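Along the sequence shown, the residues carry numbers beginning at 1. These figures come from a predicted structure and were not determined experimentally.
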Amino acid sequence: MPEHRGRRPGPAGGPRTTAVQRVLDAHTEQRRTALGRPLRVLDLGGGTGGTAVPLAVAGHELTVVDPSPDALFSLRRRATERGVEDHVRALQGDADTVGDLVGADPAFDLVCLHGTLEVVDDPAAAVAAVAALLAPGGTLSLVVAQRLHAVLTHALAGRLERARAVLERPDGRWGEEDPAPRRFDEDAVLDLVRAAGLGPVHVQGVRVFADLVPSALLDSEADRTALAALEEAAAAAPGHPLLGSLGSALHVLATRD
């Protein structure tokens, strides 16, 4: 698999959003019912276990691969605190080594690739290699940073040259000093998963408003609750697809036949 160029940047590498969590929880429960057993899950670049540990608490079997020993230490501690250390396997590695680490025929029911596709040299090769780790009927959960959100953010801040660069550059960066190695458009992401033999079953923009509203305007718990409710409403508004494209991140579920 292609080489990582660094750690997760940008919004997709931050704490797991409520929208992503909700979709993952619903999907894994549906698949558990269909299969009659807990899922075998790989979290590639899973860091400290923000995604993996809640899935382990739900009863699934997790393998987390991450290049950082410090992150894996935090993962083990978090799993122990939640009483699921026996359900979480932590392996040090990255996209290049994951195939060797997990074995020749891992047959995962779910592979999470959250905030990792931005930092590999060849996203198409990375998605294809991850798809090969899925069992028939298995699902890839992909979270990536989106281009248009960054365009809007820079424009609203008056950084118009950066906004235009993000809009026009193929990699969605404003320059070589941009901390994000790459940003994506929805169509390009869907092309990647389809080229890897996967069929998209869920496409959702997340954090449409949360990274745009100044924190100074969220003084009260009621304000924060209202913002969360607005995010949920935007995520559940299929009649307004433009909202999804403005999210700081894009969440895609795609299945293998």
Side-chain angles (χ1 to χ4, degrees), residues 8-31 39 41-47 49-55 58 60 62 64 108-120 123-124 126-127 130-131 134 138-150 152-153 172 180 182-196 198-212 227-256:
R8 302 182 182 196
R16 185 176 57 154
T17 66
T18 300
V20 172
Q21 177 181 354
R22 174 173 49 78
V23 170
L24 275 182
D25 289 346
H27 177 78
T28 52
E29 189 58 33
Q30 290 170 359
R31 292 299 297 158
L39 303 190
V41 182
L42 169 65
D43 190 358
L44 179 55
T51 296
V53 170
L55 289 174
H60 304 293
L62 273 293
V64 179
F108 289 104
D109 303 301
L110 173 67
V111 174
C112 296
L113 196 64
H114 294 178
T116 300
L117 202 62
E118 294 88 340
V119 297
V120 299
V127 173
V130 167
L134 289 169
T139 301
L140 169 65
S141 175
L142 180 63
V143 177
V144 298
Q146 287 204 108
R147 178 199 303 268
L148 290 185
H149 182 88
L152 186 60
T153 298
R182 187 182 289 109
R183 296 183 182 91
F184 293 87
D185 300 311
E186 179 179 315
D187 288 347
V189 173
L190 297 182
D191 286 344
L192 287 177
V193 299
R194 290 183 178 120
L198 305 178
V201 296
H202 172 83
V203 181
Q204 176 180 322
V206 295
R207 293 189 70 86
V208 177
F209 306 106
D211 297 326
L212 295 175
L227 178 59
L230 180 60
E231 289 284 359
E232 287 293 306
H240 302 283
L242 177 61
L243 286 177
S245 67
L246 295 177
S248 64
L250 178 72
H251 184 207
V252 176
L253 294 181
T255 60
R256 177 181 176 186

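Annotation: salt bridge (charged side-chain N to carboxylate O under 4.0 Å, His left out) contacts of D191 (sequence neighbours excluded): none. Take S141 and apply the side-chain hydrogen bond (donor to acceptor under 3.5 Å, both in side chains) test, not counting sequence neighbours, and it matches H114, H251.
If you take CG on L134 and OG1 on T139, they are separated by 7.0 Å, rounding to the nearest 0.5 Å. For the atom pair CG (L42) and SG (C112), the distance works out to 8.0 Å, reported to the nearest 0.5 Å. Taking CD of E186 as the reference point, atom CG of L250 lies at 5.5 Å (rounded to 0.5 Å). Rounding to the nearest 0.5 Å places CG of L198 at 11.5 Å from CG of L190.
The minimum heavy-atom distance between L148 and S245, with the atom names listed, is CB-O, 3.6 Å. Across all non-hydrogen atoms, the minimal contact from L246 to H149 is O-ND1, 2.9 Å. Heavy-atom minimum distance, T28 versus H60: CB-NE2, 3.6 Å. Nearest heavy atoms, V127 versus A196: CG1-CB, 3.8 Å. The shortest heavy-atom contact between P200 and V203 is CB-CG2, 4.4 Å. Minimum interatomic distance between Q146 and A249 (heavy atoms only, all atoms of both residues): NE2-O, 3.5 Å.
Listed for the E231 side chain is a donor-acceptor partner under 3.5 Å among the backbone atoms of F209. Remark: side-chain polar atoms of E118 are not paired, donor with acceptor, to backbone N or O of R183 under 3.5 angstrom.
Under the 4.5 Å side-chain criterion, counting only non-hydrogen atoms from C-beta, L117 is in contact with F184.
Checked against L110 for a side chain to side chain contact (heavy atoms under 4.5 Å, CB included), the options L140, V41, L62 give a single hit: V41.
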